[in-house]
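Written below as structure tokens is the structure these notes are about.
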Amino acid sequence: LEATRQKSRSIVMNDIEELYTMTEIYPVFKLKNERSLKRLINKLKLKHPKAKCLNRKVGSKYMMTADDIEEMKTLCLNL
């Protein structure tokens, strides 16, 4: 029973994606600061209001996964 619990815990931990904050993300887009990134996100939201990568918040803070960052890069190409 204990071995089953540990196995299921490890499966759950492997499925959780790492979240990145705005502080970690803005250098990826070669922006000056977080405020510039927030402006870019707002601009992209106007053009792509249903994009999940632009609407992921934890509490009141924007958070993104690695996949979200890649999706946002492709959205920027179409801006």
Side-chain angles (χ1 to χ4, degrees):
L1 185 63
E2 186 60 34
T4 307
R5 282 186 194 159
Q6 286 182 349
K7 185 177 179 183
S8 64
R9 282 184 195 150
S10 68
I11 291 170
V12 170
M13 292 303 289
N14 290 337
D15 291 342
I16 296 173
E17 291 185 60
E18 187 174 352
L19 293 174
Y20 299 96
T21 61
M22 292 296 133
T23 309
E24 298 167 321
I25 297 169
Y26 81 84
V28 173
F29 291 94
K30 298 179 182 173
L31 297 170
K32 239 179 175 178
N33 51 37
E34 290 178 55
R35 199 164 124 199
S36 300
L37 181 59
K38 287 179 184 175
R39 278 194 222 131
L40 176 64
I41 288 173
N42 288 335
K43 201 181 222 183
L44 288 170
K45 273 186 178 182
L46 291 173
K47 201 165 189 179
H48 308 280
K50 294 185 180 183
K52 289 182 182 178
C53 67
L54 304 174
N55 295 306
R56 190 178 314 275
K57 280 189 170 185
V58 176
S60 63
K61 296 185 178 202
Y62 284 105
M63 302 290 248
M64 292 189 173
T65 62
D67 293 338
D68 291 339
I69 294 170
E70 293 304 315
E71 186 180 343
M72 190 170 159
K73 284 181 183 177
T74 40
L75 292 176
C76 286
L77 292 175
N78 299 325
L79 190 63

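No hydrogens, no waters, no symmetry mates; every other heavy atom, side chains included, goes into these values.
Residues Phe29 and Ile69 share a closest heavy-atom pair of CZ-O, 4.0 Å. Minimum heavy-atom separation, Tyr26 to Lys32: CE1-O, 3.4 Å. Across all their heavy atoms, Cys76 and Leu44 have their closest contact at SG-CD1, 3.8 Å.
With no hydrogens or angles considered, a side-chain donor-acceptor pair links Thr23 and Glu34 at under 3.5 Å.
Without hydrogens or angle criteria, Lys47 side chain to Asn78 main chain gives a donor-acceptor distance under 3.5 Å. Side-chain N or O atoms of Glu70 include none that pairs as donor or acceptor with a backbone N or O of Asp67 at under 3.5 Å.
In the hydrophobic cluster analysis, where Ile, Leu, Val, Met, Phe, Trp and Tyr join through side-chain heavy atoms closer than 4.5 angstrom, Tyr62 is grouped apart from Leu19.
Using a 4.5 Å heavy-atom threshold, the side chains of Leu54 and Glu71 count as separate. Inter-residue side-chain proximity for Ile25 and Leu31 is flagged as unmet; no heavy-atom pair is nearer than 4.5 Å. Residues Tyr20 and Thr65 form no side-chain contact, since every pair of their non-hydrogen atoms from C-beta on lies 4.5 Å or further apart. Contact annotation: the side chain of Met64 approaches that of Ile41 to within less than 4.5 Å [non-hydrogen atoms, C-beta and beyond].
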Walk me through it: do Asn55 and Lys50 pass the test side-chain contact (heavy atoms from CB on, under 4.5 Å)?
-> CA-CA 8 Å; Asn55 295 306; Lys50 294 185 180 183; 6.0 Å; no
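Using a 4.0 Å cut-off between a side-chain N of Lys or Arg and a carboxylate O of Asp or Glu, Arg56 and Asp68 qualify as a salt bridge.
When the shell of 6.0 Å around NZ of Lys52 is examined, it contains 12 or fewer heavy atoms from other residues, nucleotides or ligands.
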